[in-house]
Amino acid sequence: MSKNTNQEQPVHVTAIILGWILPGLGHISLGQKRRGTLIMVGILFLVLCGALVGGIDAVDHNKDGLWFIAQVWCGPVVIGIDLLNQTILAPLPIAGKATYVGLSHVNEIGTLCIAMAGLMNFVVLLDLLQAKQGDDLVCTFADRKGDASMGRGAKQ
Amino acid sequence: MIAWTPFLEPLNAMQSVWYLLLIPMAFGIAVVYRALREPSYNTYWRAVIIMTLQVVFGIAAIAIALGVFVQWVIPLLNQP
């Protein structure tokens, strides 16, 4: 009979919490530095792209509540953007808002980019449920470099 | 464009070419997804580029198919 692998696999609660606080940090905490760094770069790239294209108005829990549910999976970064939006843009009069609020496609793409980042981080958090300690991306280039330098060291 | 404040104001200059923003979005998604799926870093960036192209061309193909359907197929069906 095959063993039940679910009992052997621990649930990395701390890693999941870290992965929500800063995308990729969960994998890094499990010793998967390369994987975690690439996840962090990818998700922060999507968030920055969204905020750059749509402005901070791309995250708005009052007007785009459903989008915010997807976006908030990115963690405090998105909550910070929403906080900026609520403190800087929300109190402005309608005439003042005109230059800061994105309209049409620019706003849609900005909102969508950050929502995709949130949903991708949700996938990353799900991956953490079954992630193994130290199961990082294998890099034979670095290994070969390491072997070569070790070889040189041995010759000297 | 000169008076544009990054992150505070939306990038309205991209309004006319908004569909090009699909490329960085597909790239970001591919970077994250391939980081989870790829076992080796040696093939990682190649897999990211392939996935980005698959997403971009896939969405472009769907857009073309929908355009053809709306512009040509529906008018044909409406003819008496």
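- For A:Trp20, the CH2 atom counts as densely surrounded, since its 6.0 Å shell holds more than 12 non-hydrogen atoms of other residues, nucleotides or ligands.
- There is no contact between B:Tyr19 and chain A, counting heavy-atom distances below 4.5 Å.
- Only the side chain of A:Cys49 comes within contact range of chain B, judged by heavy atoms closer than 4.5 Å.
- The heavy-atom pair separating B:Ala35 from A:Leu38 by the smallest distance is CB-CB, 3.9 Å.
- Only the backbone of B:Pro39 comes within contact range of chain A, judged by heavy atoms closer than 4.5 Å.
- A single hydrophobic cluster is not seen to contain both A:Ile79 and A:Ile69; linkage of ILVMFWY side chains at heavy-atom distances under 4.5 Å, directly or through other members, places them apart.
- Relative ring orientation between A:Phe45 and B:Phe27 is described as perpendicular, the plane-to-plane angle rising above 60° on a 0-90° scale split at 30° and 60°.
- Following chains of ILVMFWY side-chain contacts shorter than 4.5 Å, one can reach A:Ile88 starting from A:Ile81, so the two form part of one hydrophobic cluster.
- Contact annotation for A:Leu84: neither backbone nor side-chain heavy atoms come within less than 4.5 Å of a heavy atom of chain B.
- Note: the hydrophobic cluster containing A:Leu25 also contains A:Leu125 (ILVMFWY, side chain heavy atoms under 4.5 Å, direct or indirect links).
- Ranked by heavy-atom pairs shorter than 4.5 Å toward chain A, the options B:Glu38, B:Arg34, B:Met14 are led by B:Glu38.
- Ranked by heavy-atom pairs under 4.5 Å with chain A, the first of B:Asn12, B:Leu21, B:Leu36 is B:Leu36.
- By number of non-hydrogen pairs under 4.5 angstrom with chain B, the leading residue of A:Gly54, A:Gly110, A:Ala117 is A:Gly54.
- Residue A:Leu119 does not touch chain B at all, counting heavy-atom pairs closer than 4.5 Å.
- If you chain together hydrophobic residues whose side chains sit under 4.5 Å apart, B:Ile64 and B:Val56 never meet in one group.
- Note: B:Tyr44 OH to A:Arg35 CZ = 10.0 Å, rounded to the nearest 0.5 Å.
- Scanning all heavy atoms of the two residues, the minimum distance from A:Ile56 to B:Leu8 falls at CD1-CD1, 3.7 Å.
- Here the CG-CZ distance, from A:Asp57 to B:Phe7, works out to 15.0 Å after rounding to the nearest 0.5 Å.
- Considering all non-hydrogen atoms of both residues, B:Pro10 and A:Val106 come closest at CB-CG1, 3.8 Å.
- Annotation for A:Leu66: atom CG does not count as buried by contact number, only 12 or fewer foreign heavy atoms lying within 6.0 Å.
- B:Leu20 and A:Val53 fall within a single hydrophobic cluster, where Ile, Leu, Val, Met, Phe, Trp and Tyr side chains are chained together by heavy-atom contacts under 4.5 Å.
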Pair B:Asn42-A:Cys139, side chain to side chain contact (heavy atoms under 4.5 Å, CB included): steps then yes or no:
CA-CA 6 Å; B:Asn42 301 343; A:Cys139 181; 4.2 Å; yes
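- Summarising the geometry, atom CG belonging to B:Leu22 is positioned 7.5 Å from atom CD1 belonging to A:Ile109; distances are rounded to the nearest 0.5 Å.
- By the 6.0 Å contact criterion, CG on B:Leu77 is enclosed, its count of non-hydrogen atoms from other residues, nucleotides or ligands being greater than 12.
- Nearest approach of B:Met25 to A:Leu46, heavy atoms of both residues: O-CD2, 3.6 Å.
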Yes or no on side chain to side chain contact (heavy atoms under 4.5 Å, CB included) for A:Asp136 and B:Tyr41, after CA distance, side-chain angles and deciding distance?
CA-CA 9 Å; A:Asp136 202 4; B:Tyr41 186 71; over 6 Å; no
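- Heavy atoms closer than 4.5 Å to chain B are found in both the backbone and the side chain of A:Ile43.
- Surrounding CD of A:Gln133 are more than 12 heavy atoms belonging to other residues, nucleotides or ligands, all under 6.0 Å away.
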Steps toward side chain to side chain contact (heavy atoms under 4.5 Å, CB included) verdict (A:Ile39, B:Tyr33):
CA-CA 8 Å; A:Ile39 289 165; B:Tyr33 187 76; over 6 Å; no
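- Counting only distance, with no hydrogens or angles, the side chain of B:Gln15 and the backbone of A:His105 share a donor-acceptor pair below 3.5 Å.
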